[in-house]
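We're numbering straight along the sequence, starting at 1. None of these values were measured; they are calculated from a predicted model.
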Amino acid sequence: MSDFNSFSFDAPILRILKEIGYEKPTPVQALAIPKVMNGLDLVACAQTGTGKTGAFLLPALHTLCKSPRQKTPQILILVPTRELAMQIAKEAEKYSKYFNQIKTVCIYGGVPYPPQKRALAKPYDILIATPGRLMDHMDRGLINLSKIKTLVLDEADRMLDMGFLEPVEFISNACPKNRQTLLFSATIDKKILQVSQKIQKNPEEIRLEPDDISKSNIDQKLYFTDNLAHKMRLLDHFLENKQGQTIVFTSTKRQADEIADNLQEQGKLAEALHGDMNQRQRSRAVEKLRRNQINILVATDVAARGIDIPSLGFVINVDLPFKPEDYIHRIGRTGRAGAKGDAVTFASRQDRSMVERIERLIGKPIAVHTVAGMEPQKQEAKGGSHRRGNSRFGNRSRPGFKKSFSKFRGR
Ligand code: AMP
């Protein structure tokens, strides 16, 4: 499938795709769109950054415009986080630009109810929601799902991890039986297949092979570290030597705050992003990165889901994630839609088994690198699964090194 014309999309879709400048479908779009246009249920294994939103939104919009308009929604998209909800709402508005008044409503937790209630009281076509807040509105009788034609579960693995299994089943049951159900997930495991069995009818399956991930345009490197102070020296080194928009991932909210504070004290344009911040603060931090008002976001996993900043070129994992799949979600923040990205990961020797789990998931080893002058004291055992590469940053010392992460040193 080499271009969008072969999908027989309606003219308003082709027009907007041309305007945005998408030249051809991404692999997941090429595989998914014909099946979705044929009305089939779908289980698709696709990470963020692959163009999966277009894979479900474009054909769903096409279908929506073929049927008479209703006062209640015909497309329901369930997502795990508010950031992803807002991101998809933006895409929906973008793609429906040349359709006559397609209205999107986006609802999520952590913000006041009244504006959402007002939005839900008017006619609308597409509903994008996190399960918890959607259930709240359903309890109040504010949502009618009886006209849903397409139900999408996006980042389904994350939704289940966050304990949304029951809400997802409840919401699915509130939709008509003859709806189309599309399930997108970064990983497909037993839990996902069980949910699929309950809410889908003979779904077609699309899996981008691990090989597709390993061939990815994201350059991945692993740096072994002795302790937290060592990690902070490396972080400092990479932030000094690499320009452009960067997300630094940490495993705790406290560390995200501490690192962001330290970077600010060094005069860097950095902010934290984590679940203890209210929605306004979180949106503002992401928007600042998008607008280049800052260039470093120090984030925890949940808060960073759904962030789509095409210019983001660099991801630094100060800590490994708790789950291997989150590694894919993290590095998928860069290298969006075929762009080039870099991802560096710091790991202590105790992290070896998690590194191996991640490597099994991505289907290849992550090359081990060192930065000259900052090598780990405990060298990697010879004959391990890791190949050693050369640091792109070589032996450059940092002349401007003055104030750094002294607070972390020696911890
Ligand atoms: P997603 O995986 O849906 O979050 O999309 C990742 C990025 O790819 C977003 O910035 C999209 O706007 C972009 N994108 C989606 N489809 C295409 C395409 N066919 N060509 C180029 N960029 C795309």
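With salt bridges taken as basic N to acidic carboxylate O contacts below 4.0 Å, none links Arg360 and Glu356. With salt bridges taken as basic N to acidic carboxylate O contacts below 4.0 Å, one links Glu240 and Lys268.
Within 6.0 Å of NZ in Lys18 there are 12 or fewer heavy atoms belonging to other residues, nucleotides or ligands. Under a cut-off of 6.0 angstrom, the local environment of CZ in Phe170 is sparse, with at most 12 non-hydrogen atoms contributed by other residues, nucleotides or ligands.
Between Phe4 and Leu14, the shortest heavy-atom distance links the atoms O-CD2, 3.8 Å.
Between Val315 and Asn317 the shortest side-chain heavy-atom distance falls below 4.5 Å.
Evaluation of the side-chain hydrogen bond (donor to acceptor under 3.5 Å, both in side chains) rule for Asp139 yields no partner, not counting sequence neighbours. Under the side-chain hydrogen bond (donor to acceptor under 3.5 Å, both in side chains) criterion, Glu93 pairs with no residue, sequence neighbours left out. Judged as a side-chain hydrogen bond (donor to acceptor under 3.5 Å, both in side chains), and not counting sequence neighbours, the contacts of Glu287 are Arg290, Arg291.
Side-chain contact, Ser251 with Gln255: no donor N or O sits under 3.5 Å from an acceptor N or O. Side-chain atoms of Arg133 and Gln116 include a donor-acceptor pair closer than 3.5 Å. Side chain to side chain, Asn144 and Thr72 fail the donor-acceptor criterion of an N or O pair below 3.5 Å. In summary, the side chains of Thr187 and Asp189 do not present any donor paired with an acceptor at a separation below 3.5 Å, with no hydrogens or angles considered.
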